[in-house]
Number of protein chains: 2
Amino acid sequence: MIDYKNLSLANQVHQVIEENILNGVYKAGEILSESKLSEELGVSRTPIREALTRLESEKLIGITPTGTVVLGITDKDVKDIFTVKMKLEPLIAGLAAENISEEALVKLKDIIDQQEFYDSKDNKERVRNLDTEFHDTIYAECGSIVFQSILSPVHHKLLKYRKSSLENAERSPHSIGEHAGIYEAIKNRDKELAQKLMLEHICHAYENIKKGTKK
Amino acid sequence: MIDYKNLSLANQVHQVIEENILNGVYKAGEILSESKLSEELGVSRTPIREALTRLESEKLIGITPTGTVVLGITDKDVKDIFTVKMKLEPLIAGLAAENISEEALVKLKDIIDQQEFYDSKDNKERVRNLDTEFHDTIYAECGSIVFQSILSPVHHKLLKYRKSSLENAERSPHSIGEHAGIYEAIKNRDKELAQKLMLEHICHAYENIKKGTKK
DNA sequence: GGGAGTATACTTGTATACAAGCATGGTTAT
DNA sequence: ATAACCATGCTTGTATACAAGTATACTCCC
């Protein structure tokens, strides 16, 4: 399977703008102009528009004939996202335990190993990106395009909040340990355990985020 | 709130292509060409591309540098969609019972009245479109952009299957009756009842669809 | 006849030019 | 001074031209 993502300017633009929104560089309420983005990023309006179109379907921005406004995500959105994750993601973990391929198992193990490595090097950003990769891999291997298409964008939106959570020095090793547990359960094809551990993993992540946003 | 949907060619194109995919006019595996769509629909490639970009994020098509392939939805997707709906939509109904505005209540009532009217006129298509409007209104009124953005596209994907279900002569009045029950519960701000009735409504719809696809 | 190489006709991806609408600010007239 | 009107510069929306890559089919050579 060829990964075309690296080839397209529009995809790169999408990632950049998405990250800027989630990290607060483009703040909620701010007006984005296609022309300005075009100049800033050094590409024409066409790939910019394509990226904006996708960001709109993710509800991160709102496009009107008179301007494009940043919506971003609120604390309430985060709460709702975790509600969705708690309801659906254990199911996914169970499905993955049934359907995952051997290559994907190797990939999951590799992600966990890398997470441990970069955590020991205190490279938070890599750990965070690998967290996304871990969950995305499970989404991709559950065998359901419906669940994948719902959870993948939803999980991505937690970027900023995962950032504050995983930068909590205590949370990071716990999270990686939980990943390892989930991996083992999936590897052993233990559907029930995978579901249980995934639910706990999400609950812990949410509790940690709540702690982080309150202080 | 102004509805800009009617103004844009790209939105119209999106609707047309989406409908053609869901209704099987464009079959799974078929290759769509931007140029051909452009000629067929009488617009330039630009709005076509915008529509295809959105359809890709809905996972109804897959875009590669060598062509655009129709993915459509399978029976398994429908099963997964109902799993998602059963998990999330009762929550939404409960939230709507808490948050819905008076105008939206009037709108829901009006939708139900129209459904009864068009059902008596045997206008299945209008009944079906009103079903979408009923659920979309509840999504919009639950006060959560996250839930709305997940459930709205997911519900839309059932178009073809809703078609076969609601064209079942017996299901249609039942469905409308269930809508009325949900409306009453939301109007009375009875959260628990709204949740319960919504779950039942979805279960019935799914059972009916299963019956329809098996024969 | 079969195989290799090339040309052609597609595909998506990108850039740019043009159109229409709106908001804002300046200017002019009262 | 104030109000109305007009022009200017923005916005998104659309069309079109060009670029790069690929698959296929045809032709030529062996």
Side-chain angles (χ1 to χ4, degrees), chain A residues 1-21 25-72 149, chain B residues 1-21 25-72 149:
Chain A
M1 190 73 170
I2 304 172
D3 187 8
Y4 292 107
K5 277 186 203 169
N6 303 326
L7 301 177
S8 151
L9 272 184
N11 278 280
Q12 296 175 37
V13 170
H14 175 259
Q15 282 186 21
V16 169
I17 300 180
E18 183 182 41
E19 216 173 297
N20 282 345
I21 293 176
V25 177
Y26 300 148
K27 294 179 175 37
E30 189 173 340
I31 304 296
L32 295 182
S33 154
E34 291 176 5
S35 325
K36 281 180 192 165
L37 289 171
S38 174
E39 283 180 25
E40 278 178 33
L41 303 178
V43 297
S44 79
R45 273 182 62 206
T46 306
I48 299 280
R49 273 184 73 81
E50 192 169 321
L52 292 181
T53 299
R54 287 176 19 208
L55 290 168
E56 188 192 27
S57 73
E58 298 170 12
K59 305 295 179 191
L60 284 177
I61 62 173
I63 301 177
T64 70
T66 56
T68 299
V69 63
V70 176
L71 301 177
S149 68
Chain B
M1 190 74 171
I2 303 172
D3 187 8
Y4 292 106
K5 278 185 201 167
N6 303 325
L7 301 178
S8 150
L9 271 184
N11 278 282
Q12 295 175 37
V13 170
H14 175 260
Q15 282 186 21
V16 169
I17 299 180
E18 182 181 42
E19 216 174 298
N20 282 344
I21 293 175
V25 177
Y26 300 148
K27 293 180 177 35
E30 188 172 341
I31 304 296
L32 295 182
S33 154
E34 292 177 4
S35 326
K36 280 181 194 165
L37 289 171
S38 173
E39 283 180 25
E40 279 179 33
L41 303 178
V43 298
S44 79
R45 273 182 61 208
T46 305
I48 300 280
R49 273 185 72 83
E50 192 169 321
L52 292 182
T53 299
R54 283 169 30 199
L55 290 168
E56 188 192 27
S57 72
E58 298 170 12
K59 306 295 178 189
L60 284 176
I61 64 174
I63 301 177
T64 71
T66 57
T68 299
V69 62
V70 176
L71 301 177
S149 68

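Naming: A, B, ... by sequence-line order, numbering from 1 per chain.
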Just by distance, no angles: are the side chains of B/Ser57 and A/Ser57 close enough, under 3.5 Å, to form a donor-acceptor pair?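 Note: B/Ser57 and A/Ser57 side chains meet the donor-acceptor criterion.
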In this structure, how many angstroms lie between the [atom2] atom of [N] and the [atom1] atom of [X], rounded?
X	N	atom1	atom2	result
B/Ile48	D/dG13	CD1	C1'	14 Å
A/Leu37	C/dA15	CG	C1'	16 Å
B/Ile31	D/dT24	CD1	P	11 Å
A/Ile61	D/dT12	CD1	P	10 Å
B/Leu32	C/dT12	CG	C1'	13 Å
A/Glu50	C/dA15	CD	C1'	13 Å
A/Leu9	C/dG13	CG	P	11 Å
B/Glu30	C/dT11	CD	P	13 Å

Once rounded to the nearest 0.5 Å, what's the spacing between atom [atom1] of [X] and atom [atom2] of [Y]?
X	Y	atom1	atom2	answer
A/Leu55	A/Ile21	CG	CD1	5.0 Å
A/Thr53	A/His14	OG1	NE2	10.0 Å
A/Glu50	B/Ile63	CD	CD1	7.0 Å
B/Thr68	B/Tyr26	OG1	OH	12.5 Å

If only side-chain N and O atoms of [X] are considered, is one of them under 4.0 Å from the OP1 or OP2 phosphate oxygen of [N]?
X	N	answer
A/Ser35	D/dT11	yes
A/Thr66	C/dG21	no
B/Arg49	C/dT12	no
A/Ser8	C/dT12	no
A/Arg45	D/dT12	no
B/Ser33	C/dT11	yes

Measure from the side-chain heavy atoms of B/Ile63 and tell me the nearest of D/dG13, C/dT12, D/dT16.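 Given the options D/dG13, C/dT12, D/dT16, the side chain of B/Ile63 is closest to C/dT12.
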Look at all strands and tell whether B/Leu52 reaches a base, only sugar-phosphate, or nothing, counting heavy atoms closer than 4.0 Å.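 Since no nucleic acid heavy atom lies under 4.0 Å of B/Leu52, the category is nothing.
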Across the strands shown, which category fits A/Thr46 at heavy-atom distances under 4.0 angstrom: base, sugar-phosphate, nothing?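 Since a base atom lies under 4.0 Å of A/Thr46, the category is base.
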